[in-house]
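Beneath this line is the structure, given in structure tokens, with notes to follow.
Just so you know, these numbers come straight off a predicted model, no measurement behind them.
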Amino acid sequence: MAGTYSVSDSAVNISAGTNTFVQEAVLDFSTTNLGIDETIDVFQVPAETVVVAAGIQLITASGNAGELDLGDSESAVAYVDRLDADSATAELNSVGSGKLYIAADEILLKATTAAFDGKVRVVAVMAPLGLSTKTGETFA
């Protein structure tokens with residue numbers, strides 16, 4: 001709800017509006033590995049959208065000593081660079097900061113240095129831009 005606030009301890013939650021949305025996918029590579037330097041298109045990013053944040057949650061570690069990157073067509077590491085995919089740390093998480101997309105793009109998961117045979121949750125928070133035109137106020 002726009003304009004709704006809540007206070008819990010020292011945190012304040014402010015609604016980002018009704019158009020903000022979260023995309024989430026759980027990807028299990030235990031039967032079909034994500035090979036070295038292979039990518040998988042996880043989410044479509046619509047044109048004129050801000051990705052507020054995107055990240056990876058390692059649910060099941062890989063049996064191989066590799067790393068995961070989360071990025072887009074411009075940069076393989078736009079959000080996460082070198083998440084330790086075989087970490088013994090349960091529920092290891094990594095989140096990257098936002099990016100503005102004028103043209104449509106994809107959020108891509110990539111395995112590096114070794115095939116990935118574990119399980120991850122990939123999350124992205126997105127918000128479409130509110131202006132339908134790029135006209136602005138003139139300045140004198």
Side-chain angles (χ1 to χ4, degrees):
M1 294 180 209
T4 301
Y5 308 93
S6 62
V7 178
S8 173
D9 297 322
S10 62
V12 177
N13 299 317
I14 301 172
S15 173
T18 57
N19 292 332
T20 302
F21 59 98
V22 176
Q23 291 206 5
E24 175 182 7
V26 175
L27 306 172
D28 186 348
F29 295 99
S30 61
T31 57
T32 303
N33 297 349
L34 184 61
I36 299 172
D37 290 329
E38 284 185 347
T39 60
I40 184 168
D41 180 348
V42 183
F43 304 126
Q44 296 293 312
V45 179
E48 303 288 331
T49 298
V50 175
V51 174
V52 179
I56 305 169
Q57 178 185 36
L58 185 62
I59 297 172
T60 304
S62 179
N64 303 314
E67 298 170 334
L68 295 172
D69 293 338
L70 188 66
D72 57 22
S73 63
E74 184 178 291
S75 170
V77 296
Y79 300 104
V80 177
D81 185 12
R82 300 185 320 207
L83 176 77
D84 184 2
D86 68 331
S87 174
T89 305
E91 302 291 323
L92 181 65
N93 304 292
S94 185
V95 176
S97 60
K99 186 173 179 181
L100 170 64
Y101 291 88
I102 299 304
D105 206 336
E106 302 85 29
I107 293 180
L108 306 168
L109 180 68
K110 180 179 182 180
T112 61
T113 66
F116 179 70
D117 63 359
K119 187 176 183 180
V120 294
R121 179 190 332 260
V122 181
V123 178
V125 179
M126 299 185 198
L129 295 175
L131 300 175
S132 60
T133 67
K134 292 183 178 134
T135 60
E137 298 297 322
T138 56
F139 291 90

M126 vs V45 side-chain heavy atoms within contact, under 4.5 Å
yes

With a cut-off of 3.5 Å and sequence neighbours excluded, list every side-chain donor-acceptor pair involving residues 34-43.
from	atom 1	to	atom 2	distance (Å)
E38	OE1	G35	N	2.7
D41	OD1	Q44	NE2	3.4
D41	OD2	Q44	NE2	2.7

Roughly how far, to the nearest 0.5 Å, is OG1 of T49 from NZ of K99?
13.0 Å

Can you find a pair of side-chain heavy atoms, one from Y79 and one from V122, that are under 4.5 Å apart?
no

Value rounded to 0.5 Å, distance of CG in L129 from CD in E48:
5.5 Å

Do L27 and I107 share a hydrophobic cluster (ILVMFWY, side-chain heavy atoms under 4.5 Å, transitive)?
yes

Determine, using the 4.5 Å side-chain heavy-atom cutoff (strictly less than), whether L100 and V22 are members of one ILVMFWY cluster.
yes

Can you see which heavy atom on A127 is nearest to which on T20, and at what distance?
CB-OG1, 3.8 Å

With sequence neighbours left out, write down each residue that passes side chain to side chain donor-acceptor pair (under 3.5 Å) with Q23, or none if nothing qualifies.
none

Looking only at side-chain N and O atoms, does S62 offer a donor or acceptor that is under 3.5 Å from a partner on D117?
yes

I need the minimum non-hydrogen distance between G66 and T113, along with the two atoms involved.
CA-OG1, 3.2 Å

Once side chain to side chain donor-acceptor pair (under 3.5 Å) is applied, do any residues pair with S30, and if so which ones, sequence neighbours excluded?
D28

Name all residues meeting the side chain to side chain donor-acceptor pair (under 3.5 Å) criterion together with D69; count only those two or more places apart in sequence or in a different chain, and write none if there are none.
none

What distance separates L70 CG from K110 NZ, expressed to the nearest 0.5 Å?
12.5 Å

Taking the side chain as C-beta and beyond, is there a heavy-atom pair between D72 and Y101 under 4.5 Å?
yes

List the residues meeting side chain to side chain contact (heavy atoms under 4.5 Å, CB included) with T60, not counting sequence neighbours, and say none if there are none.
K119

Residues E74 and D105: closest non-hydrogen pair is N-OD2, 4.4 Å

Do V80 and L68 have side chains that approach each other closer than 4.5 Å (heavy atoms only, starting at C-beta)?
no

Residues that A115 engages under side chain to side chain contact (heavy atoms under 4.5 Å, CB included), provided they are two or more places apart
N33, N64

